[in-house]
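In what follows, a single structure is set out as structure tokens and then discussed.
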Amino acid sequence: MASQKNEKMEAIVSLAKRRGFIYPGSDVYGGLSGTWDYGPLGVTLKRNIMNLWWKMFVDGRDDMYGVDAAILMNQKVWQASGHVDTFTDPLITCGNCQSRYRVDHLISDKDEYSSEVEQFFGHAKQIIETLELPESPFDYNEEQLQALVGIFGEAHVPAHETSQYLIQYLDNNHQLASKYLGIFPRMYLHLKNVNCAKCGQNAWQDAQTFNMMFTTTIGPSSSSILDKKTYYNLDKGTRKVIEKTVTSENIETTNNLVYLRPETAQGIFTNYKNVLDSFYPDLPFGIGQQGKAFRNEISPRDFIFRSREFEQMEVEYFVDPAKWEEAFELWRNLVWEWTDALGLPRESVHELEVPEADRAHYSKRTIDFEFDFPIGREELLGLAYRTDFDLGNIQREAGKGMEYTIKGTNERFIPHVIEPSFGVERALMAVLSSAYREDEQNGEKRIYLALPEHLAPVKYCVSPLLKNKPELVAKAHEVYTALKNKHGAVMWDDNGNIGKRYRRQDEIGTPYCVVIDFDSLEDGSVTIRDRDTTEQHRVQPDEF
RNA sequence: GCGGGCGUCGUAUAAUGGCUAAUAUGCCUGCCUUCCAAGCAAGCGAUGAGAGUUCGAUUCUCUCCGCCCGCACCA
């Protein structure tokens with residue numbers, strides 16, 4: 001069963017590459033994990049999906065407005081939204097069984113921990129300062145190394161591992177990690193005999209953050225300590241260890257740091273007031289946006305299902321708090337219209353009511369819509385009731401009023417939000433998965449994509465029946481040009497024989513193949529062949 | 001990030017410490033072909049990257065990169 005699933009997935013990946021839908025990113029240079037490039041057919045299919053969405057949820061509705069916000073946003077956006085804090089949870093791994101835990105879940109007494117670390121580190125700092133360490137750890141002399149080993153030895157770190165840690169720690173401009181990172185949690189758990197809950201061993205590795213936000217800097221900067229709140233540097237002038245604390249007040253100026261947005265939603269919330277001022281729409285109304293988001297996934301996997309750079313389509317629908325359930329149901333139904341429009345069979349789409357314990361902290365209700373992908377049943381899109389969490393944050397942190405005033409009654413409140421959130425790549429993968437078919441024609445296996453006509457990257461393929469008959473080719477060109485002008489997504493193919501062309505078009509999901517034969521020269525009619533049934537009939541070319 | 005497996009033309013496979021790295025398919029050119037991958041002929045196209053061992057490495061070793069499976073992660 002499992003291998004069957006993988007076979008289908010592999011067949012789709014292979015087809016996608018072979019026929020020019022999706023290529024591995026940076027392929028000629030050996031690739032880059034978690035990135036994918038869209039080829040000529042892929043980009044068209046993807047855009048068709050995105051345009052369909054925009055038409056259904058923005059242009060096609062009276063209560064919707066579109067925006068396109070910048071990917072780079074002010075730091076404070078991600079602090080207010082909670083992303084900065086929640087993305088920097090340090091994790092620690094058991095070296096024996098590879099179980100992973102959040103460090104703060106293992107340390108019961110935070111105050112005691114802090115004082116232990118500070119005491120240790122204060123002591124360590126004093127020793128380090130007297131050592132007058134050269135800039136590169138590789139230049140440390142024997143005496144210096146021994147002293148450093150001694151520091152860590154006091155903390156019951158096995159001696160044979162210490163110098164390796166020192167290199168690791170002091171390698172980066174003598175930077176030392178903040179107290180919940182690196183070696184300190186490990187030492188503490190060792191001292192306190194806190195063992196792995198799964199295997200009972202005490203074999204902790206260094207604690208690491210897995211910050212899922214990509215960072216970059218505005219303007220020139222060489223800082224590499226962007227995501228740490230507290231850190232230590234060895235001042236190059238005085239050779240003193242100095243402590244720096246990054247706070248919300250100084251963080252921008254400290255590092256000129258910006259994040260690549262990990263979700264598009266905040267670009268909507270930050271423009272809520274702008275749209276309100278420009279249009280003052282009646283509640284309920286929504287703002288829709290499509291765009292790239294970036295998450296530094298630990299382990300991108302499963303083709304385009306989880307990648308580090310991806311495209312979202314999101315709606316924030318602003319409602320009277322008393323009427324959120326009504327709006328939730330509205331969007332629940334609209335989501336089903338969307339999966340229908342993608343051609344996804346209803347029996348392959350499943351609603352999953354997310355229990356409170358699994359919901360994000362801001363959400364009072366969430367439904368995940370899952371799809372039966374070849375890799376298994378996985379989330380296709382989400383529908384969440386976000387309350388006034390985001391606008392409330394903005395009002396508090398930015399000090400700008402986010403309240404809505406009801407016309408007439410002058411009732412004022414911060415609107416609540418219903419958020420349907422769609423992933424473009426997941427939609428595309430679902431479309432490819434459900435469209436992928438294998439059947440048999442004349443005893444030969446045939447692969448085709450039963451793409452819905454409005455999504456297919458090529459709508460018509462035009463061919464002369466025979467390539468070596470100039471009159472057929474000329475007539476076919478005529479038909480091709482006329483169709484191309486009318487429909488755009490039309491392909492010309494005169495390669496090989498007619499059967500080959502059909503198969504080639506089947507593989508890229510072209511719904512109709514138009515062939516010009518000798519009868520066409522007589523009465524202008526052409527044959528049109530249906531991809532799914534392979535049946536054909538004669539029509540006049542201006543009929544479609 | 002950890003553990004295991006893997007990496008050869010676009011795709012699917014083969015082989016080798018040393019001769020021009022093979023086969024099919026694909027693509028391409030020509031001929032032919034009156035509707036579902038026909039045929040003939042010519043051509044294009046690969047050992048993931050780097051280092052080491054060696055007279056010589058695609059083959060052996062190491063590092064990196066990537067892919068697959070499992071774990072963990074997925075606010």
Side-chain angles (χ1 to χ4, degrees), chain A residues 2-3 5-7 9-11 13-20 23-35 39 78 81-89 91-102 198 205-213 262-263 295-303 305-308 358-363 368 375 378-379 382 439-448 463-469 472 495-507 513-521 526-531 533-538:
Chain A
S3 68
K5 284 179 184 173
N6 296 338
E7 273 170 30
M9 198 64 238
E10 279 168 26
V13 174
S14 173
L15 171 69
K17 183 176 181 190
R18 182 158 36 94
R19 289 302 182 192
Y23 310 114
S26 312
D27 205 18
V28 285
Y29 283 111
L32 179 65
S33 174
T35 61
W78 307 113
S81 69
H83 285 80
V84 170
D85 290 333
T86 52
F87 269 60
T88 50
D89 286 337
L91 301 176
I92 194 162
T93 304
C94 171
N96 182 53
C97 70
Q98 307 304 329
S99 298
R100 183 169 284 173
Y101 304 87
R102 272 175 59 165
K198 189 174 174 189
Q205 300 179 346
D206 289 358
Q208 297 173 290
T209 53
F210 291 91
N211 192 322
M212 306 240 335
M213 283 198 286
E263 62 169 32
R295 292 182 193 181
N296 202 350
E297 296 284 354
I298 296 167
S299 166
R301 204 163 277 195
D302 295 325
F303 194 37
F305 184 82
R306 180 174 291 124
S307 52
R308 295 205 163 104
D358 297 341
R359 283 199 299 265
H361 54 290
Y362 51 74
S363 176
D368 283 347
I375 55 170
E378 296 284 355
E379 185 181 344
D439 69 2
E440 208 166 277
Q441 295 292 332
N442 304 319
E444 296 246 22
K445 181 179 153 191
R446 175 178 80 132
I447 293 171
Y448 68 106
S463 304
L465 178 60
L466 296 174
K467 191 184 177 183
N468 62 350
K469 297 288 185 285
L472 287 182
N495 192 8
N497 61 49
I498 194 68
K500 273 190 169 184
R501 296 174 212 154
Y502 287 152
R503 292 300 155 79
R504 206 165 17 224
Q505 295 302 321
D506 287 342
E507 278 203 341
C513 288
V514 174
V515 173
I516 284 71
D517 60 15
F518 291 98
D519 290 347
S520 310
L521 300 177
V526 299
T527 65
I528 182 162
R529 177 255 192 194
D530 182 275
R531 173 196 62 206
T533 64
T534 77
E535 283 167 8
Q536 48 186 344
H537 58 278
R538 297 201 74 85

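Proteins come first, then strands; the chains are lettered A, B, ... in the order of their sequence lines, and each starts at number 1. All figures in this text were calculated on a predicted structure; none of them were measured in a lab.
Ion pairing between a basic and an acidic side chain is recognised when a charged N comes within 4.0 Å of a carboxylate O; A/Arg503 and A/Glu444 show no such pairing.
Residue A/Arg308 contributes atom CZ, which lies 8 Å from atom P of B/rG66 at whole-angstrom precision. In this entry the distance linking CG of A/Asp27 with C1' of B/rC65 reads 12 Å, nearest Å. Going from atom CZ of A/Phe303 over to atom P of B/rC67 covers 12 Å, rounded to whole Å. B/rA37 atom P lies 12 Å from atom CD of A/Glu440, rounded to whole Å. Between A/Met9 atom CE and B/rC69 atom P there is a gap of 10 Å when expressed in whole angstrom units. Rounded to whole angstrom, the span from the CD atom of A/Glu378 across to the C1' atom of B/rC73 amounts to 13 Å. We find that CD of A/Glu10 is positioned 11 Å from C1' of B/rC69, with the value rounded to whole Å. To the nearest angstrom, C1' of B/rG66 lies 11 Å from NZ of A/Lys17.
In this structure, the side chains of A/Ile516 and A/Lys469 stay at 4.5 Å or more apart for every pair of heavy atoms. Residues A/Pro24 and A/Lys17 form a side-chain contact, since some pair of their non-hydrogen atoms from C-beta on lies under 4.5 Å apart. With a 4.5 Å cut-off on side-chain heavy atoms, A/Val515 and A/Tyr502 count as touching.
With A/Asp506 as reference, A/Arg446 is the one residue of A/Arg446, A/Lys500, A/Arg501, A/Lys445 to meet the salt bridge (charged side-chain N to carboxylate O under 4.0 Å, His left out) rule.
Of all nucleotides listed (B/rC28, B/rG66, B/rG26), B/rG66 comes nearest to the side chain of A/Leu32. Considering only side-chain atoms of A/Arg306, the nucleotide from B/rC27, B/rC74, B/rU11 that sits closest is B/rC74. Taking every side-chain heavy atom of A/Arg301 into account, B/rC69 is the closest of B/rC69, B/rA37, B/rC74. Considering only the side chain of A/Thr534, B/rC36 comes nearest among B/rG10, B/rC69, B/rC36.
Taking 3.5 Å as the limit, the base of B/rG10 and the side chain of A/Arg19 contain no donor-acceptor pair of atoms between them.
Only the P atoms considered, B/rG52 is 28 Å distant from B/rG10, to the nearest whole Å. Remark: the separation of the P atoms in B/rU63 and B/rG1 is 15 Å, to the nearest Å. Across the C1' atoms, B/rU58 and B/rU8 are found 7 Å apart, a figure rounded to whole Å. Separating the C1' atom of B/rU53 from that of B/rC71 is a span of 37 Å, rounded to the nearest Å. With C1' as the reference atom, B/rC67 and B/rA24 are 24 Å apart, rounded to whole Å. If you take atom P in B/rU34 and the same atom in B/rA46, they sit 37 Å apart, rounded to whole Å. Rounded to the nearest Å, the gap between the P atom of B/rG45 and that of B/rU23 is 15 Å. Of the C1' atoms belonging to B/rU33 and B/rA15, the separation is 38 Å, rounded to the nearest Å.
Annotation: side chain to side chain contact (heavy atoms under 4.5 Å, CB included) contacts of A/Asn468 (sequence neighbours excluded): A/Leu466. Residues that satisfy the side chain to side chain contact (heavy atoms under 4.5 Å, CB included) test with A/Glu378, not counting sequence neighbours, are A/Phe305, A/Phe373, A/Ile375. Considering only residues two or more places apart in sequence or on other chains, A/Val13 meets the side chain to side chain contact (heavy atoms under 4.5 Å, CB included) condition with A/Met9, A/Phe303.
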Query raised in the report: In B/S/- notation, 5' to 3', how is nucleotides 43-51 of chain B contacted by protein heavy atoms closer than 4.0 Å?
Result: ---------
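Not one N or O on the side chain of A/Arg308 forms a donor-acceptor pair closer than 3.5 Å with the backbone of A/Thr35. A/Ser14 places no side-chain N or O within donor-acceptor distance of the main-chain N or O of A/Ala11, the cut-off being under 3.5 Å. Although no hydrogens or angles enter the test, the distance criterion places a donor-acceptor pair under 3.5 Å between the side chain of A/Arg295 and the main chain of A/Pro262.
For RNA chain B, runs of at least 3 consecutive pairs of the Watson-Crick or G-U wobble type, with both hydrogen-bonding distances under 3.5 angstrom, map to B:1-7 with B:65-71, B:10-13 with B:22-25, B:29-31 with B:39-41, B:48-52 with B:60-64.
Contact detail for A/Ile447 and A/Glu507: the closest heavy-atom pair is O-CG, 3.6 Å. For the residue pair A/Leu32 and A/Ser26, the shortest heavy atom distance occurs at CB-OG, 3.9 Å.
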Please enumerate all protein N or O atoms sitting under 3.5 Å from an N or O of nucleotides 30-35 of chain B, with distances to 0.1 Å.
residue : atom : partner  : partner atom : Å
B/rU33  : OP2  : A/Asn468 : ND2          : 3.3
B/rU33  : O4   : A/Lys467 : N            : 3.3
B/rC35  : O2'  : A/Gln536 : NE2          : 3.4
B/rC35  : O2   : A/Tyr502 : OH           : 2.4
B/rC35  : O2   : A/Gln536 : OE1          : 3.1
B/rC35  : O2   : A/Gln536 : NE2          : 3.2
B/rC35  : N3   : A/Tyr502 : OH           : 3.4
B/rC35  : N3   : A/Thr527 : OG1          : 3.3
B/rC35  : N3   : A/Gln536 : OE1          : 3.2
B/rC35  : N4   : A/Asp517 : OD2          : 3.2
B/rC35  : N4   : A/Thr527 : OG1          : 2.7

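Projected onto RNA chain B by closest heavy-atom contact, A/Ser33 and A/Lys445 fall at different nucleotides, the more 5' of which corresponds to A/Lys445.
As judged by a 4.0 angstrom heavy-atom cut-off over every strand, A/Ser14 is placed among residues touching the sugar-phosphate backbone only.
Proximity of A/Arg504 to the phosphate of B/rC27: a side-chain N or O atom is located under 4.0 Å from OP1 or OP2.
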